[in-house]
Amino acid sequence: MSGPDPTAHCVPTALSAVPGDSRIAGIYPATDLADAYEIRLPDDADPDPEVLARFVFLHQAPWVGHLMRVRDAVMARFGVKTSKQLRNADDRRISIFRIYERSAGEIILGENDRHLDFRVSVLRTMRGAGADAHPYLTLSTVVHCHNALGRIYLRVIEPFHRLVVRSGLRRAARIGWPSRQGPVEPMI
């Protein structure tokens with residue numbers, strides 16, 4: 001006889017707006033995309049948002065890598081940075097994302113380019129009080145386009161962006177979030 005599925009409550013939920021307590025809320029005077037997805041974490045999940053961000057972005061499903069290769073092949077022709085260029089740009093990165101800011105509860109990632117700028121927030125918060133308090137992770141994205149290429153690019157990738165975010169959070173829950181006790185071995 002098995003017990004309840006420990007990841008049953010770990011399904012990403014789309015939020016109606018970027019949380020107001022995130023440092024990326026209102027970062028741009030105008031946004032062309034703003035979305036947020038949250039997931040409840042296990043109570044023993046590592047509280048460090050950088051550890052959680054690395055876990056989500058470095059354990060993506062293989063199909064995400066295939067999408068990135070297609071994106072790179074097409075967009076390189078327009079002078080847009082490829083994922084390889086981004087990963088090799090400097091050491092202050094998580095996958096293709098530059099680290100802009102860190103705090104105890106949030107890490108801000110992103111990139112600036114001539115066609116658009118974007119920021120990603122990985123925010124860990126507690127909900128409830130006392131014994132009913134549980135950790136949540138919110139992954140938010142805001143994008144500000146500079147030109148027509150940025151707006152076209154965003155419209156093309158927007159549905160894929162949403163699939164990738166939800167898939168990344170679901171996959172992290174299925175693998176098992178890193179805990180305070182130590183790293184988790186990735187499952188394929």
Side-chain angles (χ1 to χ4, degrees), residues 7 9-60 64 81 83 86-113 116-146 154 161-162 164-184 186:
T7 63
H9 66 284
C10 294
V11 176
T13 303
L15 301 179
S16 59
V18 172
D21 54 345
S22 172
R23 299 271 300 161
I24 67 170
I27 194 168
Y28 299 122
T31 58
D32 296 279
L33 171 79
D35 65 17
Y37 295 88
E38 75 174 5
I39 193 164
R40 182 173 160 193
L41 296 170
D43 290 341
D44 68 340
D46 193 305
D48 186 338
E50 182 172 345
V51 169
L52 298 170
R54 287 186 186 282
F55 192 75
V56 170
F57 294 123
L58 298 176
H59 292 95
Q60 293 287 335
V64 174
K81 295 173 190 171
S83 56
L86 293 171
R87 277 189 192 91
N88 295 333
D90 59 53
D91 292 337
R92 293 178 24 113
R93 291 191 174 269
I94 296 175
S95 183
I96 63 171
F97 306 113
R98 173 177 293 152
I99 299 171
Y100 280 91
E101 187 178 329
R102 289 177 241 213
S103 68
E106 184 176 31
I107 186 164
I108 307 297
L109 311 167
E111 191 63 47
N112 294 337
D113 208 332
L116 61 78
D117 298 341
F118 72 92
R119 293 296 181 272
V120 174
S121 161
V122 178
L123 175 68
R124 185 191 175 277
T125 56
M126 293 297 289
R127 302 251 183 86
D132 291 331
H134 300 288
Y136 281 79
L137 185 73
T138 305
L139 198 151
S140 305
T141 306
V142 293
V143 180
H144 173 71
C145 296
H146 299 297
L154 182 61
H161 156 77
R162 290 191 171 110
V164 168
V165 171
R166 286 192 302 254
S167 169
L169 292 173
R170 272 194 310 271
R171 185 172 169 89
R174 191 173 57 250
I175 292 170
W177 293 96
S179 71
R180 292 182 190 118
Q181 286 76 38
V184 174

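This is a predicted model, so every value here is computed, not measured. Side chains are part of it too, since the values below use all heavy atoms of this structure and drop only hydrogens, waters and symmetry mates.
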### Task
For the residue pair Phe55 and His59, categorise the inter-ring angle as parallel (less than 30°), tilted (30 to 60°) or perpendicular (more than 60°).
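Ring orientation of Phe55 relative to His59: tilted.
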
Could you measure the distance from the [atom1] atom of [X] to the [atom2] atom of [Y]? Nearest 0.5 Å is fine.
X: Leu169; Y: Leu41; atom1: CG; atom2: CG; result: 9.0 Å
X: Ile39; Y: Arg170; atom1: CD1; atom2: CZ; result: 8.5 Å
X: Asp117; Y: Ile27; atom1: CG; atom2: CD1; result: 9.5 Å
X: Ile108; Y: Ser103; atom1: CD1; atom2: OG; result: 7.5 Å
X: Glu106; Y: Leu137; atom1: CD; atom2: CG; result: 10.5 Å
X: Tyr100; Y: Asn112; atom1: OH; atom2: CG; result: 4.0 Å

So which atom in [X] and which in [Y] form the shortest heavy-atom distance, rounded to 0.1 Å?
X: Arg180; Y: Asp43; result: NH1-O, 3.6 Å
X: Ile96; Y: Glu111; result: O-OE1, 4.2 Å
X: Pro135; Y: Arg124; result: CB-NH2, 3.4 Å
X: Leu109; Y: Phe97; result: CB-CB, 3.6 Å
X: Gly105; Y: Pro49; result: C-CG, 3.4 Å
X: Arg102; Y: Ile99; result: NE-CG2, 3.8 Å

Verify, without hydrogens or angle tests, whether [X] (side chain) and [Y] (backbone) share a donor-acceptor contact under 3.5 angstrom.
X: Gln60; Y: Val56; result: yes
X: His144; Y: Ala30; result: yes
X: Asp32; Y: Cys145; result: yes

Counting C-beta onward and ignoring hydrogens, is there a side-chain heavy-atom pair between [X] and [Y] closer than 4.5 Å?
X: Ser140; Y: Ile24; value: yes
X: His134; Y: Arg127; value: no
X: Trp177; Y: Leu52; value: yes
X: Pro19; Y: Leu123; value: yes
X: Val143; Y: His161; value: no

### Message
Using the rule given for side-chain contact (heavy atoms from CB on, under 4.5 Å), can you reason through Ile107 versus Ile94, listing the C-alpha separation, both sets of side-chain angles and the distance that settles it, and then say yes or no?
### Response
CA-CA 10 Å; Ile107 186 164; Ile94 296 175; 3.9 Å; yes

### Message
Pair Thr125, Glu38 - check side-chain contact (heavy atoms from CB on, under 4.5 Å), show working.
### Response
CA-CA 10 Å; Thr125 56; Glu38 75 174 5; over 6 Å; no

### Message
Around atom CZ of Arg23, are there more than 12 heavy atoms from other residues, nucleotides or ligands closer than 6.0 Å?
### Response
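No, CZ of Arg23 has 12 or fewer neighbouring heavy atoms, counting only those of other groups under 6.0 Å.
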
### Task
Indicate yes or no: does Glu101 engage Arg119 in a salt bridge with an N to O separation below 4.0 Å.
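A salt bridge is absent here (no side-chain N lies under 4.0 Å from a carboxylate O).
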
